> 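Take a look at the following structure, please.
All values below were derived from every heavy atom in this structure, side-chain atoms included, with hydrogens, water molecules and symmetry-related copies excluded. On a predicted model such as this, the values are computed, not experimentally measured, just so you know.
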Amino acid sequence: MGFRPLHDRVLVRRVEAEEKTAGGIIIPDSAQEKPQEGEVLSVGSGNRDEAGKLVPLDVKDGDRILFGKWSGTEVKIDGEDLIIMKESDILGVVG
């Protein structure tokens with residue numbers, strides 16, 4: 001892929017939502033909410049603090065994260081739907 005996020009931005013691929021309930025009922029696409037979990041594909045170099053020192057991001061490539069419902073900007077890169085978001089939009093890293 002020819003894309004690298006800048007500064008405190010992160011490139012994320014959504015993790016697909018379950019299409020069945022625990023009871024086996026299939027949920028149609030129109031009724032599914034977009035998942036708020038994703039996999040970090042690429043991270044920027046970080047921000048600079050007041051002294052000019054580079055502060056790296058807390059997340060790294062391959063991390064599974066949770067993010068807010070309206071976080072980030074959806075983009076299409078190499079035919080794949082991805083999200084670019086700031087690190088501050090990330091709620092936490094999953095296990």
Side-chain angles (χ1 to χ4, degrees):
M1 175 185 326
F3 182 83
R4 181 178 55 89
L6 298 176
H7 309 295
D8 66 338
R9 289 184 172 73
V10 179
L11 184 65
V12 176
R13 175 190 299 127
R14 279 189 202 273
V15 174
E16 291 302 317
E18 290 294 322
E19 295 180 6
K20 286 185 180 180
T21 65
I25 298 171
I26 296 176
I27 304 168
D29 287 340
S30 59
Q32 289 181 7
E33 287 193 18
K34 289 185 178 180
Q36 292 173 252
E37 186 175 343
E39 177 186 359
V40 175
L41 298 178
S42 183
V43 298
S45 58
N47 271 335
R48 298 203 177 268
D49 63 12
E50 293 174 9
K53 181 180 167 203
L54 189 64
V55 179
L57 302 182
D58 288 331
V59 296
K60 62 187 180 311
D61 295 4
D63 281 349
R64 284 182 71 105
I65 59 166
L66 294 177
F67 50 87
K69 193 172 201 169
W70 309 110
S71 298
T73 302
E74 294 183 1
V75 295
K76 188 171 279 222
I77 299 174
D78 293 337
E80 186 175 11
D81 291 326
L82 303 172
I83 305 167
I84 300 171
M85 66 180 67
K86 288 187 166 239
E87 185 186 36
S88 59
D89 290 338
I90 297 173
L91 304 174
V93 178
V94 178

> With heavy-atom distances below 4.5 Å as the criterion, would you say the side chains of E87 and L57 are in contact?
yes
> Less than 4.5 Å apart, any side-chain heavy atom of I83 and any of F67?
yes
> Does the side chain of L41 reach to within under 4.5 Å of the side chain of D61, using non-hydrogen atoms?
no
> Heavy-atom distance under 4.5 Å between the side chains of V40 and L11, does that happen here?
no
> Is the shortest side-chain heavy-atom distance between I90 and M85 below 4.5 Å?
yes
> Kindly determine whether R9 and R4 satisfy side chain to side chain contact (heavy atoms under 4.5 Å, CB included), including the steps that lead there.
CA-CA 9 Å; R9 289 184 172 73; R4 181 178 55 89; over 6 Å; no
> Once salt bridge (Lys or Arg N to Asp or Glu O under 4.0 Å) is applied, do any residues pair with D81, and if so which ones, sequence neighbours excluded?
K76
> Any side-chain heavy atom of I84 sitting closer than 4.5 Å to one from V10?
no
> Which pairs, with at least one residue in residues 39-52 and sequence neighbours excluded, count as a salt bridge (Lys or Arg N to Asp or Glu O under 4.0 Å)?
R13-E39
> Please tell me whether V59 and V12 are part of a single hydrophobic cluster in this structure, the criterion being side-chain heavy atoms less than 4.5 Å apart.
yes
> Does a side-chain N-to-carboxylate-O contact under 4.0 Å join K86 and D89?
no
> Is it the case that atom CG in N47 sees more than 12 heavy atoms from other parts of the structure closer than 6.0 Å?
yes
> I'd like to check E37 versus R64 (side-chain heavy atoms, cut-off strictly below 4.5 Å). Are they in contact?
yes
> Could you tell me whether the side chain of W70 reaches within less than 4.5 Å of the side chain of Q36, counting heavy atoms only?
no
> When you group the ILVMFWY residues by side-chain heavy-atom contacts below 4.5 Å and let the links chain together, are I65 and L91 in the same group?
no
